[in-house]
Every structure is written in C-alpha cells, then in structure tokens.
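Working notes for the structure below.
Residues: numbered from 1 along the sequence shown.
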Amino acid sequence: MLTKQLDRDALTHENGLDAQRLLPWPELNAPFEGSWCVIRPGTASTAHAHHEYEIFIAVAGSAVLESEGIRTPFVTGDIVHFTPGVEHRVINESDADFEMYSVWWDLDMTQRFAARHQGVQA
C-alpha cells in the first residue's frame, strides 16, 4: 500500500479555487489525472470547458453547479460527469468551504496508461 497525503497548507490557487493536484505518481499507473479542490465561501471556480472528460465528486459542504445556463445543487456525496467541450463551474454560496475531488481523462492519457501497462506486463 502506498499513500499520498493531502497537504492542506500547500494548496495552490488556480482556476478560482484552491487545489492540490494529486496526479498519478511514478508508482501508480492510472489512465487519469486528479485534483483535490476547495471552493471558499462566496467564491466560484472559473467557468471553463476543455477536451477531457471529467467527474467531480462532492466530498464536504454544499455548492451550486452551473453548466450551459443550468444551475443545480451539488452536495456531499454527489457526482457529476462532464463531457468534452461542456462549460462548467462550481459556485459556493454557503458560509463554509466546499471540498471536492476532480478526475479527468482523455484518449492520450488512456494510451499512455496502456503503453505503461504493457511495459509492466512484458
């Protein structure tokens, strides 16, 4: 077992939120990348769209998801999936931090995973 610790004191402010990228590390062969995200009270992530598929997993608190003009509650335990090219953002209208995990992937990541996997199996 290998554990990678979250360092709450070293979060980086990017895309309108505080985050720690928890990308696969050398010992972990995975076809995705990820990030721990904290959206502070009264703030929102930057609205954006990209070529990757993405899921958000709500871990603590409550927020609002906004995508293509639709707003919906997003609370602890919820999971949302975005397909490539869909603009989205998370808005924290509460008085407490909202915490979530984001995971994204694309064909290139999958192909690199498959190549690394083949090398390990050889």
Go through the steps for E52 and M109 under the test side chain to side chain contact (heavy atoms under 4.5 Å, CB included), then give the verdict.
CA-CA 10 Å; E52 297 97 347; M109 288 179 209; 4.3 Å; yes
I39 vs M100, test: side chain to side chain contact (heavy atoms under 4.5 Å, CB included). Steps then yes/no.
CA-CA 8 Å; I39 298 92; M100 67 178 209; 4.3 Å; yes
Candidate pair E99 and R40, rule salt bridge (charged side-chain N to carboxylate O under 4.0 Å, His left out), full reasoning
CA-CA 9 Å; E99 300 183 16; R40 305 294 180 194; over 6 Å; no
For Q20 and Q5: C-alpha separation, side-chain torsions, deciding distance, then whether side chain to side chain contact (heavy atoms under 4.5 Å, CB included) applies.
CA-CA 10 Å; Q20 179 180 338; Q5 300 291 319; over 6 Å; no
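When the side chains of ILVMFWY residues are joined at heavy-atom separations under 4.5 Å, either directly or via intervening members, V59 and I55 end up in a single hydrophobic cluster. Both V90 and F82 are members of a single hydrophobic cluster when ILVMFWY side chains are connected at heavy-atom separations under 4.5 Å. Taken together through direct or relayed side-chain contacts under 4.5 Å among Ile, Leu, Val, Met, Phe, Trp and Tyr, V80 and L17 form part of one hydrophobic cluster. Taken together through direct or relayed side-chain contacts under 4.5 Å among Ile, Leu, Val, Met, Phe, Trp and Tyr, F113 and W104 form parts of separate hydrophobic clusters.
Other residues, nucleotides and ligands contribute over 12 non-hydrogen atoms within 6.0 Å of the OH atom of Y101. Heavy atoms from other residues, nucleotides or ligands lying under 6.0 Å from CG of D95 number 12 at most.
Side chains of S102 and E54: a donor-acceptor N/O pair is present below 3.5 angstrom, by distance only. N15 and H48 share no side-chain donor-acceptor pair at under 3.5 Å.
Annotation: ring-ring contact (aromatic ring centres under 6.0 Å, His included) contacts of F32 (sequence neighbours excluded): none. The side chain to side chain donor-acceptor pair (under 3.5 Å) check on W36 picks up nothing, with sequence neighbours excluded.
Note that the OG atom of S35 and the CG atom of L22 stand 6.5 Å from one another [nearest 0.5 Å]. For the atom pair CD1 of I57 and NE2 of H81, the computed distance is 11.5 Å after rounding to the nearest 0.5 Å. For the atom pair CD1 (I91) and CZ (F98), the distance works out to 11.5 Å, reported to the nearest 0.5 Å. For the atom pair D18 CG and T43 OG1, the distance stands at 8.0 Å (nearest 0.5 Å).
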Identify each donor-acceptor pair in which a side-chain atom of residues 63-75 lies under 3.5 Å from a protein atom, sequence neighbours left out, and give them as a table.
from	atom 1	to	atom 2	distance (Å)
E66	OE1	R89	NE	2.7
E66	OE1	R89	NH2	3.2
S67	OG	E87	O	2.9
R71	NH2	E93	OE1	3.3
R71	NH2	E93	OE2	2.6

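Counting heavy atoms from C-beta outward, E33 and W105 have side chains that stay 4.5 Å or more apart.
Across all their heavy atoms, N92 and D97 have their closest contact at ND2-C, 3.8 Å.
A donor-acceptor pair is defined here as one N or O able to donate and one able to accept, closer than 3.5 Å; such a pair exists between the side chain of H88 and the backbone of V86.
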